[in-house]
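Small disclaimer: the values here were computed from a predicted structure and weren't measured.
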Amino acid sequence: MPTPSSLEHWYLETVSGRRRGLLPSLTRGALTIVSWGYGLGVWVRELVYAWGLIRPLRVPARVISVGNLTMGGTGKTPAVIALAEQHRARERVAILIRGHGGERLEGVNVVHDGQRELLPVSVAGDEAVLLARRLGDIPVLAGKDRRLTAQAAVDRFGATLLILDDGFQYRRLAVDHQIVLVDATQPWGLGGLFPAGTRRDPLAAFARADEVWLTRCDHPAAHDLDAVEARLRRLA
């Protein structure tokens, strides 16, 4: 049975078009058809929030979201750490993270209470624990419902600034400032919308960003930065 890493490699090679032949072509065609349904769902979600049919929860704290348009790593964790360190002297900061890879995603899971680490990697996920250990005295709360963790951060820890990790697609919590990260080696992702590619949103979603940060700019495979910036300015 293929390992997760080999499946991921096969998927990326297929959607990027680098894998040739009949089977990859048929696979791309099938994934494109499925992606139409995904795209419709994204479009409906945007309309629902744009028309105010669902209103995001607003908590009595400022919320900064760090996210991206594509699947995979774009440097969100270092960005969250940098933001927390930048604001910790002036505000009571708390980190909200979903907790990927952890056993406990329901409810409110306090990974670090600002004094000590409370949950292991197996429960909270490795990224949540990494943030807790790196930041030390900043509360880190994990859970897939960030409305619950946001309210808990305010009620339990008196947080005045919430940093929402991977929050660009999370619309249930009102966000004051959207930061979108773009990997300079793959600024537009591979292929198209998921699952026909690695985009979680269409490129038009850049219009919701307050700031766009380019990451991995010094990588040998980075695209022409002037061209990337010019296109981002048009999109955002």
Same cluster for [X] and [Y] if Ile/Leu/Val/Met/Phe/Trp/Tyr side chains link at under 4.5 Å?
X: Leu131; Y: Val93; value: yes
X: Trp10; Y: Phe194; value: yes
X: Leu173; Y: Phe157; value: yes
X: Val108; Y: Leu57; value: yes
X: Val129; Y: Val66; value: yes

Side-chain heavy atoms of [X] within contact of [Y], under 4.5 Å:
X: Glu85; Y: Leu135; value: yes
X: Tyr38; Y: Val42; value: yes
X: Ile138; Y: Arg88; value: yes
X: Arg199; Y: Leu69; value: no
X: Val34; Y: Pro195; value: yes
X: Val59; Y: Leu162; value: yes
X: Asp137; Y: His112; value: no

message: Going by the rule salt bridge (charged side-chain N to carboxylate O under 4.0 Å, His left out), which residues pair with Arg18 if we only count those two or more places apart in sequence or in a different chain?
response: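 So Arg18 forms a salt bridge (charged side-chain N to carboxylate O under 4.0 Å, His left out) with Glu13.
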Short side-chain to backbone donor-acceptor contact, [X] and [Y], under 3.5 Å:
X: Asp166; Y: Gly67; value: no
X: Asp113; Y: Val110; value: no
X: Tyr49; Y: Ile54; value: no
X: Arg216; Y: Gln186; value: no
X: Thr198; Y: Thr70; value: no

query: Step by step, would you call Leu130 with Ile81 a side chain to side chain contact (heavy atoms under 4.5 Å, CB included)?
result: CA-CA 10 Å; Leu130 185 153; Ile81 292 170; 4.2 Å; yes
Drop me the distance from [X]'s [atom1] to [Y]'s [atom2], to the nearest 0.5 angstrom.
X: Arg98; Y: Leu164; atom1: CZ; atom2: CG; value: 12.0 Å
X: Thr149; Y: Asn109; atom1: OG1; atom2: CG; value: 9.0 Å
X: His223; Y: Glu229; atom1: NE2; atom2: CD; value: 15.5 Å
X: Arg19; Y: Leu12; atom1: CZ; atom2: CG; value: 10.5 Å
X: Asp210; Y: His177; atom1: CG; atom2: NE2; value: 5.0 Å
X: Leu31; Y: Leu193; atom1: CG; atom2: CG; value: 12.5 Å

Using every non-hydrogen atom in the two residues, find where [X] and [Y] come nearest and quote the distance to one decimal.
X: Leu96; Y: Ala153; result: CD2-CB, 4.3 Å
X: Ala61; Y: Ala159; result: CB-O, 3.6 Å
X: Trp188; Y: Phe206; result: CZ3-CE1, 4.1 Å

message: Tell me whether Glu46 is salt-bridged to Arg208, with the criterion being a basic N under 4.0 Å from an acidic carboxylate O.
response: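 So Glu46 pairs with Arg208 through a salt bridge.
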- prompt: Taking 4.0 angstrom as the limit, do Asp201 and Arg45 come out as a salt bridge?
  reply: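 Between Arg45 and Asp201 there is a salt bridge, with a charged N closer than 4.0 Å to a carboxylate O.
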message: Can you confirm whether Arg172 is buried at CZ, in the sense that more than 12 heavy atoms of other residues, nucleotides or ligands lie under 6.0 Å from that atom?
response: no
- request: Decide if atom CZ of Arg28 counts as having more than 12 heavy atoms of other residues, nucleotides or ligands within a radius under 6.0 Å.
  value: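 For Arg28, atom CZ is crowded (more than 12 foreign heavy atoms under 6.0 Å).
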Ile95 and Leu141: CA distance, side-chain angles, deciding distance, side chain to side chain contact (heavy atoms under 4.5 Å, CB included) verdict: CA-CA 6 Å; Ile95 308 297; Leu141 294 84; over 6 Å; no
- prompt: Pairs in or reaching into residues 52-69: which pass side chain to side chain donor-acceptor pair (under 3.5 Å), with residues at least two apart or in two chains?
  reply: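 Passing the test, one end in residues 52-69: Arg58-Asp176, Arg62-Glu91, Ser65-Gln178, Asn68-Thr74, Asn68-Arg200.
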- request: Return yes if a side-chain donor-acceptor contact under 3.5 Å exists between Tyr170 and Asp165, otherwise no.
  value: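 Looking only at side-chain atoms, Asp165 and Tyr170 do not form any donor-acceptor pair under 3.5 Å.
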task: Scan Leu83, Ile97, Val63 and name whichever one has a side-chain contact (heavy atoms from CB on, under 4.5 Å) with Ile163.
output: Leu83
- request: Sequence neighbours left out, what pairs pass salt bridge (Lys or Arg N to Asp or Glu O under 4.0 Å) with at least one residue falling in residues 73-82?
  value: none
